[in-house]
Amino acid sequence: MTPNKEDYLKMIFELNGTYKKVSNKEIVSGLKVSAASVSEMMTKLVKGGYITYTPYQGVQLTETGIAEASILIRKHRLWEVFLVEKLGYSWSEVHEEAELLEHVTSSTLSERLDAFLGFPEKCPHGDMIPKGTVVVDETVTYPLSALEVGQKACLYKVMDEKELLDYLIELDMHIGESFTLLSIGSYEGPIKIQKENCEIVHISQKAAQHLFVERLA
Ligand SMILES: [Zn+2]
């Protein structure tokens, strides 16, 4: 499936294009498309008033662009909640389904879905579900790989990446889980943490870069 206009807007949004400039290169690797397709689409999006383009720096979403992307992301994340909570999907299985459903969801359906789910604030991966067009999550988070030994932290959100999510299921790690960092293996070795139930878990450096945590006192 070739990504359409909405997928591009969503990708720019996810690359933080709401407040900073996103390079074509980041979009190329995010959507796994050619540089030529990206520049072609960027021209269209500038014309449509969805993004602004600054030479050598990249693109940033306009208010219209943010509104469009938020609507889509909202539908995507609501479906993720539905699939996990109501249909028993695991959090590593929902992305693909939500990717398809978001494009065929009317605004009435997404409002009904929101109410049916009890107005959830976050998707299963810990990301905020935009309300209206406002997305504000001011919680300060750090990659787990940036913590020091002895630090207590809580898993706040994770990258929505199938392999990573499957790995976390294996380790039995969940959003909201608190733990203490016990040691960091030398030579970029695994990070050893202790969960509240005293269980010890080893997390690879690669995964630790994609897990975002909140520091606890
Ligand atoms: Zn998600």
Side-chain angles (χ1 to χ4, degrees), residues 1 3-4 6-19 22 26-27 29-32 61 65-107 109-145 153-177 203 206-214:
M1 214 174 64
N4 61 18
E6 291 173 322
D7 294 314
Y8 276 90
L9 289 174
K10 216 169 57 158
M11 181 50 66
I12 299 169
F13 187 103
E14 277 159 9
L15 292 166
N16 298 322
T18 45
Y19 62 88
V22 174
E26 288 176 274
I27 303 169
S29 76
L31 285 173
K32 299 181 178 64
L61 292 168
I66 293 175
E68 278 279 314
S70 301
I71 291 169
L72 208 63
I73 287 169
R74 174 176 166 75
K75 290 172 181 172
H76 183 101
R77 293 183 181 162
L78 283 171
W79 281 121
E80 287 186 338
V81 175
F82 176 79
L83 294 168
V84 168
E85 284 188 5
K86 306 294 177 189
L87 299 188
Y89 275 69
S90 86
W91 69 346
S92 64
E93 294 171 324
V94 294
H95 185 81
E96 301 288 302
E97 302 276 19
E99 203 64 22
L100 296 174
L101 290 165
E102 68 188 26
H103 294 290
V104 293
T105 304
S106 68
S107 53
L109 177 55
S110 69
E111 293 329 297
R112 296 271 176 98
L113 185 59
D114 191 22
F116 175 69
L117 296 170
F119 308 102
E121 286 191 356
K122 291 182 178 181
C123 81
H125 314 103
D127 286 308
M128 289 285 246
I129 296 173
K131 305 273 175 205
T133 60
V134 196
V135 204
V136 210
D137 189 351
E138 282 165 354
T139 312
V140 183
T141 60
Y142 304 85
L144 172 55
S145 54
C154 165
L155 185 59
Y156 191 80
K157 64 175 184 178
V158 301
M159 252 169 62
D160 185 357
E161 202 181 80
K162 189 161 190 321
E163 254 181 89
L164 174 68
L165 297 169
D166 284 335
Y167 177 68
L168 293 173
I169 293 173
E170 244 172 71
L171 298 179
D172 197 26
M173 286 287 293
H174 307 276
I175 298 289
E177 185 128 32
I203 296 177
K206 190 178 172 194
Q209 289 167 12
H210 297 157
L211 305 182
F212 299 92
V213 303
E214 210 182 341

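Just so you know, ligand 1 is whichever comes first in the structure, and atom 1 is the first atom listed for that ligand.
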[X] near the Zn ion (ligand 1): N/O/S under 2.8 Å:
X: His95; result: no
X: Asp127; result: no
X: His76; result: no

In terms of the angle between their ring planes, are Trp91 and His125 parallel, tilted or perpendicular, with boundaries placed at 30° and 60°? parallel

What angle, in degrees and rounded to 10°, do you get at the Zn ion (ligand 1) when you join it to SG of Cys123 and to OE1 of Glu80?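 Rounded to 10°, it measures 100°.
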
Are side-chain N/O atoms of Ser90 and Ser92 paired as donor and acceptor at under 3.5 Å? yes

Could you measure the distance from the CG atom of Leu144 to the CE atom of Met173? Nearest 0.5 Å is fine. 7.0 Å

May I ask you to say whether Lys122 pairs ionically with Glu80, meaning some side-chain N is under 4.0 Å from a carboxylate O? no

Cation-pi geometry met for Lys206 and Tyr167 (6.0 Å, 45°):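 Judged by the rule (NZ or CZ under 6.0 Å from the ring centre, within 45° of its axis), Lys206 is not positioned above Tyr167.
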
Please give the atom name: the N, O or S atom of His125 nearest to the Zn ion (ligand 1). ND1

